[in-house]
Peer 1: 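Before I ask anything, here is the structure I am working with.
Note that these values count all heavy atoms, side chains included, but never hydrogens, waters or copies made by symmetry.
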Amino acid sequence: MTMLDRIERKTLQDPQHTAFIRGEERLAYGQLWNQSDALARWIVDTIGADNRPILVYGHMEPEMLVCFLACVKAGHAYIPMDSSVPEARLASIVSGSQTPLVLAPGLLPPIETGSAVVAGRSDRHPWRLEAIFAQYAGLHPDPECRVRGGENFYIIYTSGSTGEPKGVQITLDCLESFVRWTQEEFALRDGDVFLNQAPFSFDLSVMDLYPCLTGGGTVWALDREWVASPAVLFERLAKSGIAVWTSTPSFAEFCLMDKSFSQELLPDLHTFLFCGEILSRRCVQKLKERFPKADVYNTYGPTEATVAVTSLRTDEHILAKYPALPVGYCKPDCRIRILDEAGQPLPDGEKGEIWIVGPSVGPGYFQRPEQSERCFLQVNDPELGLSRAYRTGDSGFLRSGLLFFGGRLDFQVKLHGYRIELGDIEHQLLRLSGIKNAVVLPHYREDKCDYLAAFLVPEQHPDDEFALAQSIRKELASSLPDYMIPKKIVFKTSLPMNINGKADRKPLLSEV
């Protein structure tokens, strides 16, 4: 039984059960299924046999889920894009993906969409989603049109080192493998309420969305505006009924700053799932004190291997044994391999590059064959046989099957759960007028990236460094998300160089 079959079964059993909540907005399983059927039928009628991916734009609108299911029912992968993405970046992805259709539950900015059809909530769009739901009500797409096992289910765009975002392709088979594992590994219960903290354009959201819906649960979406007002946030949380907490460690640490964040606030909470960045021992200890009835899991995995491939329940024994928490044991159908620079396996306990092998690994980057060939390979694994493998660029080591994460091997970092190519930011800085050279470096606190610092060489040293820094941040905001804009900007007359004539980053680390 596929994921869609399980969601349909829940719809038939209990169509009034709530599938999604955001504030006062509710979406029942019957609405989710019937509206996605109607929209899928319209998609087939509108773009026919064109099987290119469809871009879905918005934030936490209930219609985002409707659009996701409609796309895959009509045989298309979907590209989720959050409304926080700058217009220039959105336009670049619309153009680069060559999408034939943009579905916009959020208010789509006035970008160039080329020949793509647009259906949204605004009167300026040729089609309104509400009109489609009404006009196609009761109509169903052919089940044979659905996305099949080896076909792309979604494509998530991540930061690219050349300044152009790259789309990570994840197939239905990849996602099915991940969902089966989560439901078994974390003992998830049918009908649980799952926190959805991450925007849908961030693959952490997949960890709550599909395990929840296939188990007949309710996705409780956290609007980003609530985080700016802790009083509103905790008032909402108290009424949420959340049983499964899925977030970055940073967000949990933010919540722990408030003494009310405890089992009394969330009496039904039984599982914490963390992914996206390093989970500190201190954070787990605080959670254990505040939520004695809950299990806390640490997980690890890149977007390219479908969210996460390792897991570890952090009990008192683990906390006492490891000052820096391991990230877990590999899911049963995959393997973690630690290889040296020549691609040879390293012995237990020796640090090298983390490779992931197995059905969690996606087929590559969308329309980026050269980049895909560097990171995605077919290997003849000694246990799995011929399988897809992904070179993560992460360092780490295994000890008796337990994986320990050792950081990035290149200039890629994780900040607040978001994966960032530092070269992407440097590329955007060098596009600004008056900037001759640029280097971006991460600042670490307790082994976790805390913020980014940019070292810039302007054509003319500014009289007012603060004013210029503010101006640069404002310009960057038109092309980069907020989390990629450096917190610290340092102006230099020149940057140190190494023997190859490239910027030498090491001397700058003391100034970050």
Peer 1: Considering residues at least two apart in sequence or located in another chain, which fulfil the salt bridge (charged side-chain N to carboxylate O under 4.0 Å, His left out) criterion with Arg473?
Peer 2: none

Peer 1: Is it true that Tyr157 and Phe366 have ring centroids separated by less than 6.0 Å?
Peer 2: no

Peer 1: Ser177 and Asp333: side-chain donor and acceptor closer than 3.5 Å?
Peer 2: yes

Peer 1: Could you tabulate the donor-acceptor pairs under 3.5 Å formed by side-chain atoms of residues 474-484, not counting sequence neighbours?
Peer 2:
unit_1	atom_1	unit_2	atom_2	d
Ser478	OG	Glu475	O	2.7
Ser479	OG	Gln428	OE1	3.4
Ser479	OG	Leu476	O	3.3

Peer 1: Compute the ring centroids of Phe272 and Tyr297, then answer whether they are less than 6.0 Å apart.
Peer 2: no

Peer 1: Counting only N and O atoms by type, is there a donor-acceptor contact under 3.5 Å from the side chain of Glu353 to the main-chain atoms of Ser395?
Peer 2: no

Peer 1: Please verify the inter-ring angle class for Phe251 with Trp245; under 30° counts as parallel, over 60° as perpendicular, anything in between as tilted.
Peer 2: parallel

Peer 1: For the CG atom on Leu107, are there more than 12 heavy atoms of other groups (residues, nucleotides or ligands in this structure) within a distance under 6.0 Å?
Peer 2: no

Peer 1: Could you tell me which residues satisfy ring pair (Phe, Tyr, Trp, His ring centres under 6.0 Å) with Tyr210, sequence neighbours excluded, listed by chain and number?
Peer 2: Phe153

Peer 1: Is a side-chain donor or acceptor of Gln412 paired with a backbone partner of Glu421 at a separation under 3.5 angstrom?
Peer 2: no

Peer 1: Quick one: do Arg148 and Glu176 make a salt bridge, cutoff under 4.0 Å?
Peer 2: no

Peer 1: Over 60° means perpendicular and under 30° means parallel, so classify the ring planes of Tyr365 and Phe376, tilted if in between.
Peer 2: perpendicular

Peer 1: When you check the side-chain N and O atoms of Thr310 and Lys331, is any donor under 3.5 Å from an acceptor?
Peer 2: no

Peer 1: So, does His76 use its side chain to make a donor-acceptor pair with the main chain of Arg52 at under 3.5 Å?
Peer 2: yes

Peer 1: Apply side chain to side chain contact (heavy atoms under 4.5 Å, CB included) to Leu312 and list each qualifying residue two or more places apart in sequence or on a separate chain.
Peer 2: Ile318, Pro326, Tyr329, Leu402

Peer 1: Sequence neighbours left out, what passes side chain to side chain contact (heavy atoms under 4.5 Å, CB included) with Leu188? Give chain and number order.
Peer 2: Thr182, Gln183, Phe186, Phe194, Pro211, Val244

Peer 1: Not counting sequence neighbours, which residues clear ring pair (Phe, Tyr, Trp, His ring centres under 6.0 Å) with Phe178? List them please.
Peer 2: none

